[in-house]
Amino acid sequence: LSNTYSSVEFAFVGTLAEVTLTSDCKDSKARVGIFVNGQRTVDTMLTDKTTTLKVFESDVPEKCIVSIVKLSEQSHSYVGVKNIHAVTEYGIIPTPERERKIEFIGDSITCGYGVLAEQSVTVYNTYEQDSTKAYAYLTASAFDAEMRSECISGQGIICNCDGKVDYEIPKFFMHSSRTKEKHDHSTWVPDVVVINAGTNDVGGGIADGIITEGAINFILSVRNQYPSAKIVWFYGMMMYGYVDAIKKAVETVNLTDKD
């Protein structure tokens with residue numbers, strides 16, 4: 001599990017479930033949430049390379065849907081599911097795909113950067129991040145949709161929040177993980193793509209015309225990967241400086257692509 005809110009989900013009828021997780025245990029450690037029938041039963045930071053967690057226990061067999069979710073973002077540590085152990089008569093069953101699929105692409109707003117921190121805190125810590133409290137997860141939940149997200153805090157369309165040009169959003173959209181391996185977008189095709197980008201470009205003082213051109217190129221890149229998806233651009237949750245530039249990009253693309 002590399003991306004923010006990447007997850008593994010399974011169902012079983014039984015009395016006990018345990019999972020063994022692995023992580024690279026970098027300085028910014030991965031945060032994981034485990035949900036049983038929609039209720040969070042585990043919320044922890046992975047401080048060891050291998051961790052076994054009890055996620056459910058009951059005296060009588062119960063029907064459970066277990067979701068193992070990476071709550072921290074993709075640029076800081078990975079999570080691997082090494083083993084799933086359940087005391088069950090019928091075995092572990094994969095859950096079916098949901099009818100709707102939404103892909104979210106963005107920056108810290110999509111990641112849930114610092115949502116648990118005090119307002120005065122400015123230094124990033126993964127233990128203060130929880131992607132399930134960000135708009136992307138809340139939106140997908142409201143529509144009972146399966147979601148995928150590509151988001152890294154501080155990144156922009158043309159440059160990042162420090163003004164540097166380094167692995168901006170249009171670049172990491174094309175990769176499957178932190179390894180920068182090219183992603184095959186045909187393996188999971190969304191009905192809707194939500195882009196939330198442009199907030200961090202203010203750090204580089206990028207001209208409106210360059211933002212418009214970059215936004216147009218990015219929309220066309222997304223359309224090339226997903227010919228049938230609806231594309232929505234969110235902007236203005238934190239900054240407003242590029243409203244006109246991004247609006248112009250969307251209107252330009254809409255001349256030939258109404259979706």
Side-chain angles (χ1 to χ4, degrees), residues 1-59 61-98 101 103-104 111-112 116 124-134 136-137 140-141 146-153 172 175-185 187-188:
L1 308 180
S2 177
N3 290 10
T4 307
Y5 198 77
S6 50
S7 62
V8 171
E9 188 174 83
F10 63 92
F12 77 102
V13 178
T15 57
L16 176 71
E18 296 177 337
V19 298
T20 299
L21 306 179
T22 61
S23 181
D24 49 358
C25 289
K26 298 169 64 178
D27 291 340
S28 295
K29 295 176 173 54
R31 184 175 182 181
V32 173
I34 301 179
F35 299 78
V36 178
N37 296 334
Q39 299 298 313
R40 190 179 309 207
T41 61
V42 175
D43 187 334
T44 188
M45 303 295 296
L46 297 183
T47 58
D48 298 312
K49 290 186 176 181
T50 303
T51 304
T52 298
L53 301 166
K54 182 183 294 184
V55 301
F56 175 78
E57 187 173 28
S58 174
D59 293 332
E62 295 186 29
K63 182 179 180 180
C64 299
I65 296 176
V66 179
S67 303
I68 305 165
V69 182
K70 186 178 184 227
L71 301 176
S72 49
E73 67 184 85
Q74 64 196 67
S75 60
H76 298 274
S77 302
Y78 70 80
V79 177
V81 180
K82 185 176 182 179
N83 185 60
I84 299 172
H85 168 69
V87 178
T88 173
E89 184 177 348
Y90 306 106
I92 295 170
I93 305 167
T95 55
E97 291 188 3
R98 289 173 171 82
K101 294 181 179 180
E103 181 161 337
F104 296 89
C111 292
L116 302 179
Y124 176 78
N125 293 292
T126 48
Y127 62 79
E128 294 166 330
Q129 182 175 35
D130 184 347
S131 58
T132 66
K133 298 184 182 300
Y137 170 81
S141 296
E146 187 175 330
M147 69 173 282
R148 171 182 164 85
S149 66
E150 296 92 29
C151 48
I152 298 177
S153 294
F172 68 68
H175 297 153
S176 59
S177 68
R178 292 188 296 119
T179 63
K180 298 185 179 181
E181 177 183 354
K182 184 173 173 57
H183 179 57
D184 181 359
H185 291 82
T187 59
W188 193 89

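What you are looking at is a predicted structure, and each value in this text was computed from that prediction instead of being measured.
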Check: Distance from S2 atom OG to H175 atom NE2, nearest 0.5 Å?
Finding: 12.0 Å
Item checked: Heavy-atom check, side chain of Y78 versus side chain of T22, under 4.5 Å -> yes
Note to self: Any heavy-atom pair between the side chains of F56 and T41 that's under 4.5 Å?
What the structure shows: no
Notebook entry, point to check: Just by distance, do the side chain of R31 and the backbone of Q129 share a donor-acceptor pair under 3.5 Å?
Noted result: yes
Notebook entry, point to check: Salt-bridged, E150 to R148, with N to O below 4.0 Å?
Noted result: yes
Checklist line | Over all atoms of both residues, closest heavy-atom pair of P61 and T15 | finding: N-CG2, 3.6 Å
Checklist line | Shortest non-hydrogen separation from S72 to A30 and the atoms involved | finding: OG-CA, 3.4 Å
Note to self: The test is side-chain contact (heavy atoms from CB on, under 4.5 Å); show your working for E57 and V87 and say whether it passes.
What the structure shows: CA-CA 9 Å; E57 187 173 28; V87 178; over 6 Å; no
Margin query: Just to verify, which of T51, V69, V32 counts as forming a side-chain contact (heavy atoms from CB on, under 4.5 Å) with V79?
Written below: V32
Checklist line | Nearest heavy-atom neighbours spanning T187 and D184 | finding: OG1-O, 2.9 Å
Check: For the side chain of N83 and the backbone of E18, is there at least one donor-acceptor N/O pair under 3.5 Å apart?
Finding: no
Notebook entry, point to check: Would you call the rings of Y137 and Y5 parallel, tilted or perpendicular, where under 30° means parallel and over 60° means perpendicular?
Noted result: tilted
Next item on the list: Please tell me if the side chains of I84 and F12 come closer than 4.5 Å, counting only heavy atoms from C-beta onward.
Entry: no
Next item on the list: Side-chain contact test, heavy atoms from C-beta onward, threshold under 4.5 Å: evaluate it for L71 versus R40 and give yes or no.
Entry: yes
Next item on the list: Answer yes or no: is there a side-chain heavy-atom contact under 4.5 Å between L116 and K133?
Entry: yes
Item checked: Any donor-acceptor pair under 3.5 Å from K70 side chain to N3 backbone -> no
Margin query: For a 4.5 angstrom cut-off between non-hydrogen side-chain atoms, does T52 reach K82?
Written below: no
Check: What residues form a salt bridge (charged side-chain N to carboxylate O under 4.0 Å, His left out) with E89, not counting sequence neighbours?
Finding: none
Next item on the list: Could you tell me the separation between the CG atom of L53 and the CD1 atom of I34, rounded to the nearest 0.5 Å?
Entry: 5.0 Å
Checklist line | With W188, the side-chain hydrogen bond (donor to acceptor under 3.5 Å, both in side chains) member among E146, E97, E103 | finding: E146
Notebook entry, point to check: Would you call L1 and L21 a side-chain contact if the rule is heavy atoms closer than 4.5 Å?
Noted result: no
Next item on the list: Would you confirm whether T88, through its side chain, and V13, through its main-chain N or O, come within 3.5 Å as a donor-acceptor pair?
Entry: yes
Next item on the list: Indicate the atoms forming the closest heavy-atom contact of V55 with V42, along with that distance.
Entry: CG1-CG2, 4.2 Å
Notebook entry, point to check: Distance from H85 atom NE2 to I92 atom CD1, nearest 0.5 Å?
Noted result: 9.0 Å
Notebook entry, point to check: Got T50 and T20 here, is their nearest side-chain heavy-atom distance under 4.5 Å?
Noted result: yes
Next item on the list: Could you verify whether a donor N or O on one side chain and an acceptor N or O on the other, from E73 and T4, lie under 3.5 Å apart?
Entry: no
Item checked: side-chain contact (heavy atoms from CB on, under 4.5 Å) evaluation trace for I68 with S7 -> CA-CA 5 Å; I68 305 165; S7 62; 5.9 Å; no
